[in-house]
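This report refers to the structure that appears directly beneath it.
A, B, ... follow the sequence lines: proteins, then strands. Residue 1 opens every chain. Scope of the values below: all heavy atoms of this structure, side chains included, with no hydrogens, waters or symmetry mates.
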Protein chains: 2
Amino acid sequence: MPETQSPAQSLTRREELLRIAAELFASKGFRNTTVRDIADAAGILSGSLYHHFDSKESMVDEILRTFQEELFGQYDEILAGDADPRAKLEQAVRVSFEAIDRHHSEVAIFQNDAAYLGTLDGFGYLAERHAQSREVWMRLLREGVAAGVLRADLDIDLVYRFIRDTVWVAVNWYRPGGSLSAAQVADQYVTILLDGLGA
Amino acid sequence: MPETQSPAQSLTRREELLRIAAELFASKGFRNTTVRDIADAAGILSGSLYHHFDSKESMVDEILRTFQEELFGQYDEILAGDADPRAKLEQAVRVSFEAIDRHHSEVAIFQNDAAYLGTLDGFGYLAERHAQSREVWMRLLREGVAAGVLRADLDIDLVYRFIRDTVWVAVNWYRPGGSLSAAQVADQYVTILLDGLGA
DNA sequence: GTCTATATAACGATAGAC
DNA sequence: GTCTATCGTTATATAGAC
C-alpha cells in the first residue's frame, strides 16, 4: 500500500537510519563520519538524508538523548532501592556493563565524542548528564565509606574517576556477542575494584 | 647573525612548532585540528608551516615517535630490573603516570587518536607499540601470578585491559601542575589495584 | 522518499615573491 | 622563514524534479 504508509513504517525507516548512523559514529567518530558515509551505508544519496533529519548534529542528538534517558532511569532505581551499599555499587557496575552490551554504539559515541559535542549549541545536556553521573557514583561511594564497607583512606574524587574511567572505557574493546558476556566482565571488574588483585 | 643560523636555532623553531601542534592535537583531536589552527597559534600563516614539515601527518608522526622511544625504554628497564613482581607492577604504574605528567600532550594524542592514525600509511609502528605494551604488562602479570603475589582466579587478559585502560585514560582528567601530583595518583591507583576498595 | 544538481564553506597543500 | 595567492578536494546543506 504505497499510498497509505503507516506512522509505524516511517518511524521504522527513521530508526533504521539512526541505527546506521550510530554504528558509524561509534566506530569512526562523529567528526570523521560524513553524511555521505551514512547515506552510502543506507543505500541512498546524501541529500536524501535531509528529508528525515535537519542536520548531522540532530542525528547524534537524538541518538544520545534516547539512550541517556534509559540509562539514568536505571541509576535512579538503584539509588532508590533498599540494597546495602556494597550491593548498590555492584548493581551500578553491572547496569553500566549492560549498557555497554545493549547500547554499544551509543556508549561509544558518548565516551569518545561527548567532549567535542558538548561545545556545540544545544548539547548542554551532556554536561548536565555528566554531573548527574558524578553525583550518582559519589553518593554510592560516600554511603559505602559511611557504612564501613569501603576503605576511607583514599581520595574519594580520585576513586570516582577511577571507577568511571575503568567502566566506560571498556566500550572500546568489549564486543557484544563475544566470548565474554557483559555479566562476566562486570563480575570480574567488581572483584578487582572491591577486593583488589593482591593474593 | 641572520646569515649563519645555527642548527640549534632551526631545531628550536621546529620543536616549538611541534609543541604547539601537540597541544592542539591533544586538546581538540588530530582530525579536528586544522593546519590553520596550528599556524594561528604559532603566529604565522598556514602555508608557512610547509617550510618546516611535509604534511600535518608528518608532524604528529614525529611527535609520537619521539615520545614512544623514551617510554618503552623505561618499560624495558623495569623488565630487566631485579625488583620483585609486585614492585615491578608498581614501577610500571608509576612510570606510566610520570609519562602522563611530563608528556601530557603526547599521551593524550596516543590515547585518543591512535586508532585512527593506525589506519594511515606509515603509522604501522603504532600497532607494533600497542602489541609491545601488551607484552610488557602481560609479562608483569604472569610473573605476579607465578610468584603468588597476584590472585590467579581472574582472566589475565581482562586484568591487562583493566589496568591499561585505567592508567592511560587518566590523561583525560589529569592536569600537570594540579593539586594531585602524578606520584600521588600512582600511589592511590596501585593501592586500589592491588588491595581493592573493600574495607 | 529519493534523485539530480549545486551552493557555500573549509580543508590540506603548493608556487613563487619577498 | 614568512607572506600572497590560489589550486583541487571534500564537507554540510539546499532546491526542485520525479
Kindly list each side-chain donor-acceptor pair under 3.5 angstrom involving residues 117-127 of chain A, sequence neighbours excluded, with atom names and distances?
from: A:Thr119; atom 1: OG1; to: A:Tyr116; atom 2: O; distance (Å): 2.6
from: A:Tyr125; atom 1: OH; to: A:Asp61; atom 2: O; distance (Å): 3.4
from: A:Tyr125; atom 1: OH; to: A:Asp61; atom 2: OD1; distance (Å): 2.9

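Residues satisfying the salt bridge (charged side-chain N to carboxylate O under 4.0 Å, His left out) criterion with B:Arg86, sequence neighbours excluded, are B:Glu90, B:Asp195. Residues satisfying the ring pair (Phe, Tyr, Trp, His ring centres under 6.0 Å) criterion with A:Phe25, sequence neighbours excluded, are A:Phe30. In this structure B:Asp82 satisfies the side chain to side chain donor-acceptor pair (under 3.5 Å) test with no other residue, sequence neighbours excluded. For A:Glu23, the side chain to side chain donor-acceptor pair (under 3.5 Å) partners at least two apart in sequence or on another chain are A:Arg19.
Between A:Phe53 atom CZ and D:dT14 atom P the separation is 15 Å, expressed in whole Å. For the pair B:Arg14 CZ and D:dT2 P, the interatomic distance rounds to 13 Å; values are reported in whole Å. B:Lys28 places its NZ atom 13 Å from the C1' atom of C:dA10, with the value rounded to the nearest Å. Rounded to whole Å, the distance from CG on B:Asn32 to P on D:dT10 is 20 Å. Between A:His52 atom NE2 and D:dT14 atom P the separation is 15 Å, expressed in whole Å. Rounded to an integer number of Å, the gap from B:Leu49 CG to D:dC3 P is 10 Å.
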Nucleotide-resolved protein contact map, nucleotides 12-18 of chain C, B/S/- at heavy-atom distance under 4.0 Å:
BBB----
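Phosphate proximity of D:dT2 to B:His51: absent, as no side-chain N or O sits under 4.0 Å from OP1 or OP2.
Within the 3.5 Å criterion, the main-chain N or O of A:Val171 finds a donor-acceptor partner in the side chain of A:His104.
Among the protein residues, B:Ile44 comes within range of the sugar-phosphate backbone only, with heavy atoms under 4.0 Å from sugar or phosphate atoms but none that close to a base.
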